[in-house]
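Owing to the predicted nature of the structure, the values given are computational and were not obtained by experimental measurement.
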Amino acid sequence: MHFLTDSSILIDGLFNRHNLQTVLANPKYNTGLSEMARENAISSFGNKIYLKGLIEFTNYCKNSCYFCGLNVNNANCSRYRLSKQEILSCFKTGKDFGINSYILQGGDDSFYSNERIVEIIKAIRRDFKDPSLTLSMGERSYESYKSFYEAGLKGYILHHESHTLEHFNMLHSDDVSLFNRLNSIKNIRQSKLYTGCGLTVGFPYQTLENIADDILYIYDLAPRSVTVMPFIPHKDTVFANESSGDAELVFKVISILRIMLPKAIIFSHYSLDFIHKKGVEKGILSGANAVTLSLAPFKYRKKYNLYTNKIAEKDSIYKSYEKLQLLAQKTGGEISTDY
């Protein structure tokens, strides 16, 4: 298969499951994919790198996912919840940086009832000038998503984690169902919220066939935003002794998704710096076009420990912002807050 002799052949080849596995397995395609993906990102969005404010507002979670440091069985996790006033204060900080697009992210925390979430959304919209607000806090019902949309929420992010039932079950206890997860994603779309999704590369027991199926599922879903994260083990989970995801494979998946979804917002996640010394930068050069700035107070940010040694917590918000500006310059882009 001569995928790189003609761009149309390469693009067509990615939609074939067998060919996609071949591309994932062979490093000779890496450079061509990243160059094509970067060109596609620039063609669709210019040199803009979109900055979104990230507010990790609760690290409570009712689920016992085997890979996550926030899982309900982790007795070593120091739990917290931001009050409504603390959340609004984070938005005030974001406004100081000119940010108008935000992600409220947390564990699947039942404390935040639909009524509480609606109250928070309305308070944000009341106190700030119509920000673009996305929520990510696990599975909810269609009625929940609809009520969030009617309150002014723009989007909802929910990762499927694995589209292969056997593999999904290896990552979760019986309290999490692939059927429920996929149905929740379907309900997000039907509620008129824009859909954000993603996948993790390097999960234990994950095969290239699994990754190919995940990519094809995301393509069919046609989400507004995508996040590709590496698996990073957490010391207090059953996967503590597993290896982190392969950096080059993560970057390749970003490139493939950019080629398949040229108009999607694709995040260069801060966790990429854990597996590569210039991970976030290389994520941009691989086709990603968005980054996040953590806005929660430092005392809380260091507790949102999805994995061990979370890198993003050593810098102040202002220092992190300066680094993102420098990163944009290095990649030939510019930070934009207008999305």
Side-chain angles (χ1 to χ4, degrees), residues 48-60 70 78-107 109 111-138 147-157 193-194 196 224-225 227 265 267-271 280 289-306 310-328 334-339:
K48 292 182 178 180
I49 300 171
Y50 294 109
L51 177 64
K52 293 180 179 284
L54 175 65
I55 304 168
E56 295 163 328
F57 69 106
T58 174
N59 70 348
Y60 281 85
L70 304 188
S78 177
R79 306 289 177 173
Y80 74 89
R81 293 184 178 106
L82 269 64
S83 68
K84 181 173 71 173
Q85 203 55 46
E86 286 175 313
I87 291 173
L88 292 174
S89 179
C90 294
F91 275 81
K92 173 62 170 63
T93 300
K95 186 178 180 181
D96 291 341
F97 288 100
I99 298 173
N100 197 48
S101 184
Y102 298 86
I103 301 171
L104 270 176
Q105 178 176 298
D109 186 356
F111 170 82
Y112 290 96
S113 63
N114 293 343
E115 291 74 22
R116 277 197 172 103
I117 293 296
V118 166
E119 180 184 345
I120 290 170
I121 294 170
K122 288 183 176 179
I124 292 167
R125 289 177 57 81
R126 181 190 66 233
D127 291 0
F128 300 91
K129 186 179 177 180
D130 195 26
S132 176
L133 180 60
T134 300
L135 182 63
S136 178
M137 59 177 308
S147 69
F148 300 160
Y149 174 78
E150 291 172 347
L153 190 69
K154 303 295 185 183
Y156 200 99
I157 297 172
L193 289 168
Y194 75 70
R224 178 79 168 273
S225 69
T227 304
I265 294 294
F267 288 93
S268 190
H269 196 265
Y270 56 76
S271 60
V280 175
N289 67 323
V291 292
T292 58
L293 178 66
S294 184
L295 298 173
F298 182 83
K299 65 179 179 179
Y300 297 127
R301 283 189 285 146
K302 63 183 180 180
K303 294 180 179 181
Y304 200 83
N305 53 348
L306 299 174
K310 184 179 173 186
I311 286 175
E313 308 319 326
K314 62 185 179 182
D315 294 326
S316 70
I317 296 174
Y318 292 93
K319 185 66 174 178
S320 296
Y321 181 76
E322 290 175 358
K323 286 185 174 180
L324 291 174
Q325 290 278 16
L326 181 60
L327 178 146
E334 62 177 5
I335 292 293
S336 174
T337 60
D338 63 0
Y339 190 82

To the nearest 0.5 Å, how far apart are [atom1] in [X] and [atom2] in [Y]?
X    : Y    : atom1 : atom2 : value
E334 : Y50  : CD    : OH    : 9.5 Å
Q85  : K92  : CD    : NZ    : 12.5 Å
L293 : Y102 : CG    : OH    : 9.5 Å
I157 : R224 : CD1   : CZ    : 11.0 Å
E119 : S113 : CD    : OG    : 8.5 Å
F267 : N289 : CZ    : CG    : 8.5 Å

(request) Run through T93, I103, L54, D96 and flag the one making a side chain to side chain contact (heavy atoms under 4.5 Å, CB included) with L295. (result)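 Testing each of T93, I103, L54, D96 against L295, the sole residue satisfying side chain to side chain contact (heavy atoms under 4.5 Å, CB included) is T93.
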
(message) C90 and side chain to side chain contact (heavy atoms under 4.5 Å, CB included): which single residue from I124, L104, I317, I55 fits?
(response)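 Exactly one pass, corresponding to I55.
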
(request) Could you tell me whether the side chains of Y194 and S225 share a donor-acceptor contact shorter than 3.5 Å? (result) no

Does the side chain of [Y] come within less than 4.5 Å of [X]'s, by heavy atoms?
X    : Y    : answer
F91  : L133 : yes
Y149 : Y156 : no
K122 : V118 : yes
Y112 : I120 : yes
E56  : Y300 : no

I'd like to know if the side chain of [X] reaches the main chain of [Y], judged simply by a donor and an acceptor atom lying under 3.5 Å from each other, with no hydrogens or angles considered.
X    : Y   : value
D127 : L88 : no
T337 : G98 : yes
R79  : L70 : yes
N59  : Y80 : yes

Where do [X] and [Y] come nearest, in terms of heavy atoms and distance?
X    : Y    : answer
K52  : S101 : NZ-OG, 2.7 Å
P131 : K154 : O-CE, 4.3 Å
I117 : M137 : CD1-SD, 3.6 Å
N100 : D130 : ND2-O, 3.8 Å
L153 : L193 : O-CD2, 3.3 Å
L82  : P297 : CD2-CD, 4.4 Å

(message) Can you list everything that forms a salt bridge (Lys or Arg N to Asp or Glu O under 4.0 Å) with R81? Sequence neighbours excluded, please.
(response)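 Once residues adjacent in sequence are excluded, the partners of R81 under the salt bridge (Lys or Arg N to Asp or Glu O under 4.0 Å) criterion are D109.
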
(request) Would you confirm whether the ring centroid of F111 sits within less than 6.0 angstrom of the ring centroid of Y60? (result) no

(request) Anything under 30° is parallel, anything over 60° is perpendicular, the rest tilted; go ahead and classify F97 against Y318. (result)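 Rings of F97 and Y318: tilted, as their planes differ by 30° to 60°.
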
(message) side-chain contact (heavy atoms from CB on, under 4.5 Å), that's the test. Do N114 and F148 meet it? Break it down for me.
(response) CA-CA 8 Å; N114 293 343; F148 300 160; 3.7 Å; yes

